[in-house]
Amino acid sequence: MLRFLILFSLFIHSCVAAPKAPAAAATLPAKKWLTLNGQEPAVVAKGGFSGLFPESSALANDLAVSTSSPGVTIFCNLQMTKDGVGICLSDIRLDNATTISTLLPKGQKTYKVNGEDLKGWFALDYSADTIFTNVSLVQNIYSRPSIFDGQMPISAVEDVLGTKPPKFWLSVQNDAFYMEHKLSAAEYLRSLGFRGFTFISSPEIGFLKSIGKDAVMSKTKLIFEFKDPEAIEPTTSKKYSEILQNLAAIKAFASGILVPKGYIWPIDSTKYIKPASTLVADAHKAGLEVYASGFANDMPASFNYSYDPSAEYLQFVDNGQFSVDGVITDFPPTASQAISCFSHQKGNLPRPGHALVITHNGASGDYPGCTDLAYQKAVDDGADVIDCSVQMSKDGIAFCHDSADLTQSTTAMTTFMSRATSVPEIQPTNGIFSFDLTWAEIQSLKPQIQSPFLTKVGLARNPANKNAGKFITLDDFLKFSKEKAVTGVLVNIQNAAYLASKKGLGIVDAVKSALTKSTLDKQSTQKVLIQSDDSSVLGAFEAVPPYTRVLSIGKEIGDAPKPSVDEIKKHADAVNLLRSSLVTISDSFAAGKTNVVEEMHKGNISVYVSVLRNEYISIAFDYFSDPTVEFATFIAGNGVDGVITEFPATASRYLRSPCSDLNKDQPYAILPAEAGSLISVAEKEAQPPASAPNPPLDTKDIIDPPLPPVANMASHNATGATPNAPGHSGSIATPANLCLSLLAILAMGLLFATE
């Protein structure tokens, strides 16, 4: 146990900024809040930091206090044991959040609760001693870390109060049920003298009225909880939707209301936000505070938020019309940063850091990648550098698209299935390639948004804009970047050797020509980044000093020895590295940090990291399922020079926040995670096995053969020696492969049609 507490202390020390003195806050501009009393909305940690640790465990509560803004409120759902002791658990049944069903397999019972038969293990059937001695907590959301299961005891209400949290909220969910079984929550609270309770809430009017005088004497706020609108309130036997119509009556026994967030910002059946209700304004008019519940980083609510949990909080506290008075959340640090750091952040604020926000196919998390709309959204979202991965059409037009294969990000599979081919030099699977279609044919296709986690976990991206926008040529992309005066452009060149030798297409010459036409080769105002995984391609641009050459390293590396760094410096000024080359991941935990960034910087090579996405499934637990913390980890923690992302709004907002400046004295800061700290909190036998380290970067991974000359395809065809003849690695599939290709593409078409 001592080891456990020491490790946890180290985790807190490495990850959390100590709250600064109140005087520091006075130097910050005052924010005007549209809450009832004009004060900052409260952050209420439901069961502590229950997004990571089992709910209401000592560690969950401690971490919530340590990682959240000053004044965080710890939230406990009251359940009662057979001998009248209060414990903190969200559900009246113990089996979903504890080990009781394993330890006491014959203890299952059925009770009628609020008119509904519930089956499970109930606290009221066991003494406090039995529960505290035998039963331990488990994570009750199965997508969250399970390595802490069975290691922490259930917390008594007195245990939580004994830690002296800044504020404490007790929710009494089932007083009528407990009263039927001769257990009184009111008497239990009186036995504690109502000391330490900032808030007491309940969905039962009778209970709140029964403790009204006690609450007044102890200066405890009483909050009425709304359940599903069609559910029945036990005291009045009225639907909650009916009670909502008379807020003035609630004011007679409560100072505020707690509602599911959908009461305020409803979500339609397609998961888009509907217009806000008037609930907050009506409640404030009646003198009632409004608290919203149901916030969790790993439970995406609406496509409007682009999988960014901070954006959802801002919708409730900084929409220009109203603000809720507090939010109940499983991830209190995210709510804290949204309120303390991102709220009232209007306009193009100055940035304290130097790191660049570089797009990956524009704002491709919101629109189909490499389309006019994706690029416009990227500019609007504050991207510094917008990118174009150059592809070539059959008739020699250079345009922007993530891959030479058009099957996944266009509707090509429904139109040009017969053009499917196998090109092993480019990819192991068959595809419909841009160099086999004319530009006119490509323009006839609709773009299609790519959802990288749709198949795995069903996370689609912005289906309302699934086919929005149009593809643009490299010339138009460069023209757009100049008109919008972005900080820079990144031009990514792929498959140059294959295109030159097998298709007679000079992609390097096409890029040079476009840059010359745009005059970007004759200025230094806008950055021009030339990226390729081919050192010979980068060598072709060596004679243009204003360009920054970026070597893309698509394999995981664990070290960058000096000979490899020296070799890179011969060809490039910067590298684009995978996230896993900087922070190693084991079972969704950040297990360790490499020294690759430091080694590159010693060689005067800038480091960009890719690809960062907002979806929680792609984010390590150490980052709190929060893309902002991941950005902080790579920028402030690893010292990268740029982040390559499909959601530039999230990165830009972080970098423009004062909380990203760790040298600034302020009450709250967004700190990087310390790799290895969180996983070390778990018992050794529960930790995932250590994975083998990534190999070091070898010089042979850097050096490429010289680019071949651009083939004269007319000459090849005249002699009959076509690059597609049998025995060559050409692009014509054999009949068997073509058949398999068509079947595979048809399957993909059906899959994407369901997005």
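Worth knowing before you read on, the calculation uses all heavy atoms, side chains too, and leaves out hydrogens, waters and symmetry mates.
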J.: Please collect all side-chain hydrogen bond (donor to acceptor under 3.5 Å, both in side chains) contacts where either partner lies in residues 546-562, sequence neighbours excluded, each pair once.
T.: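 Residue pairs with at least one partner in residues 546-562: K555-D701, E556-S580, K562-D566.
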J.: Does NZ or CZ of K512 lie under 6.0 Å from the centre of the six-membered ring of F541, at an angle within 45° of the ring axis?
T.: yes
J.: I need the minimum non-hydrogen distance between V537 and S532, along with the two atoms involved.
T.: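 Residues V537 and S532, closest heavy atoms: CB-OG, 3.6 Å.
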J.: Tell me if a side-chain donor or acceptor on T633 pairs with a main-chain N or O of V629 at a distance below 3.5 Å.
T.: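 Yes.
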J.: Main chain of T411, side chain of T414: is a donor-acceptor contact present, judged purely on distance under 3.5 Å?
T.: yes
J.: Please list, chain by chain and in numerical order, all residues satisfying disulfide bond (SG atoms under 2.5 Å apart) with C388, sequence neighbours excluded.
T.: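 Listed in chain order: C400.
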J.: Give a yes or no on whether the backbone of A649 and the side-chain of S652 come within a donor-acceptor separation of less than 3.5 Å.
T.: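 Flag not set: sc S652 to bb A649 has no pair under 3.5 Å.
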J.: Are the ring centres of Y623 and F631 closer than 6.0 Å?
T.: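 No, ring centres 6.0 Å or more apart.
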J.: Flag yes if more than 12 heavy atoms outside K394 fall under 6.0 Å of its NZ atom; otherwise flag no.
T.: no
J.: How would you list, by chain and number, every residue that makes a side chain to side chain donor-acceptor pair (under 3.5 Å) with N297, sequence neighbours excluded?
T.: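 Side chain to side chain donor-acceptor pair (under 3.5 Å) list for N297, sorted by chain: T334.
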J.: Could you go step by step and tell me if F647 and D308 meet the side chain to side chain contact (heavy atoms under 4.5 Å, CB included) rule?
T.: CA-CA 9 Å; F647 295 89; D308 183 348; over 6 Å; no
J.: Can you name the residues that form a salt bridge (charged side-chain N to carboxylate O under 4.0 Å, His left out) with K570, not counting sequence neighbours?
T.: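 K570 satisfies salt bridge (charged side-chain N to carboxylate O under 4.0 Å, His left out) with E567 once adjacent residues are dropped.
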J.: Can you list everything that forms a side chain to side chain donor-acceptor pair (under 3.5 Å) with S393? Sequence neighbours excluded, please.
T.: D395
J.: Partners of N638 by side chain to side chain donor-acceptor pair (under 3.5 Å), sequence neighbours excluded?
T.: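 Side chain to side chain donor-acceptor pair (under 3.5 Å) check on N638 returns nothing, list empty.
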J.: Is any NZ, NE, NH1 or NH2 atom of the basic residue among D366 and K377 found under 4.0 Å from an Asp or Glu carboxylate oxygen of the other?
T.: yes
J.: I'd like to check the salt bridge (charged side-chain N to carboxylate O under 4.0 Å, His left out) partners of D626; sequence neighbours left out, ordered by chain and number.
T.: none
J.: So which heavy atom on S501 is nearest to which on A711, and how close?
T.: O-CB, 3.6 Å
J.: What pair of heavy atoms forms the shortest contact from V710 to G506, and how long is it?
T.: CG2-CA, 3.7 Å
J.: Closer than 3.5 angstrom, by distance alone: can the side chain of S518 be matched with the main-chain N or O of L515 as a donor-acceptor pair?
T.: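 Answer holds: yes.
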J.: Any salt bridge (charged side-chain N to carboxylate O under 4.0 Å, His left out) pairs touching residues 585-597, not counting sequence neighbours?
T.: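 Listed once each, the pairs are K593-E598.
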J.: Quick one: list whatever passes salt bridge (charged side-chain N to carboxylate O under 4.0 Å, His left out) with E615, sequence neighbours left out.
T.: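 Per chain and number, E615 pairs via salt bridge (charged side-chain N to carboxylate O under 4.0 Å, His left out) with R461.
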J.: Sequence neighbours left out, what pairs pass ring-ring contact (aromatic ring centres under 6.0 Å, His included) with at least one residue falling in residues 366-425?
T.: Y375-F477, F399-W439, H401-F471
J.: Can any side-chain N or O of K569 pair as donor or acceptor with the backbone N or O of N604 at less than 3.5 Å?
T.: yes
J.: Can a salt bridge be assigned to the pair E441 and R419 using a cut-off of 4.0 Å between side-chain N and carboxylate O?
T.: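 Salt bridge: yes.
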J.: Are the ring centres of F621 and F589 closer than 6.0 Å?
T.: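 Judged by ring-centre distance (under 6.0 Å), F621 and F589 do meet the cut-off.
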J.: Please answer whether the main-chain N or O of V607 pairs with a side-chain N or O of D641 as donor and acceptor at a distance below 3.5 Å.
T.: yes
J.: So L707 and V508, do their side chains get closer than 4.5 Å, heavy atoms only?
T.: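 Side chain of V508 against side chain of L707, heavy atoms only: contact under 4.5 Å found.
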J.: What's the separation between atom CG in L538 and atom CG in D534, rounded to the nearest 0.5 Å?
T.: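 The CG atom of L538 sits 7.5 Å away from the CG atom of D534.
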J.: I'd like to know if the side chain of T410 and the backbone of T407 have a donor-acceptor N/O pair within less than 3.5 Å.
T.: no
J.: Before giving the answer on salt bridge (Lys or Arg N to Asp or Glu O under 4.0 Å), spell out for K527 and D384 the whole-Å C-alpha distance, their side-chain angles and the decisive distance to 0.1 Å.
T.: CA-CA 10 Å; K527 296 178 183 291; D384 299 305; over 6 Å; no
J.: For S310, enumerate each residue passing the side chain to side chain donor-acceptor pair (under 3.5 Å) test, keeping only those at least two apart in sequence or located in another chain.
T.: Q337
J.: Looking only at the side chains, is there a donor atom on one of Q531 and N576 sitting less than 3.5 Å from an acceptor on the other?
T.: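 N576 and Q531 do have a side-chain donor-acceptor pair below 3.5 Å.
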J.: Give a yes or no answer on whether the side chain of S535 reaches the backbone of I702 with a donor-acceptor pair at less than 3.5 Å.
T.: yes
J.: Would you please name every residue forming a ring pair (Phe, Tyr, Trp, His ring centres under 6.0 Å) with Y305, sequence neighbours left out?
T.: none
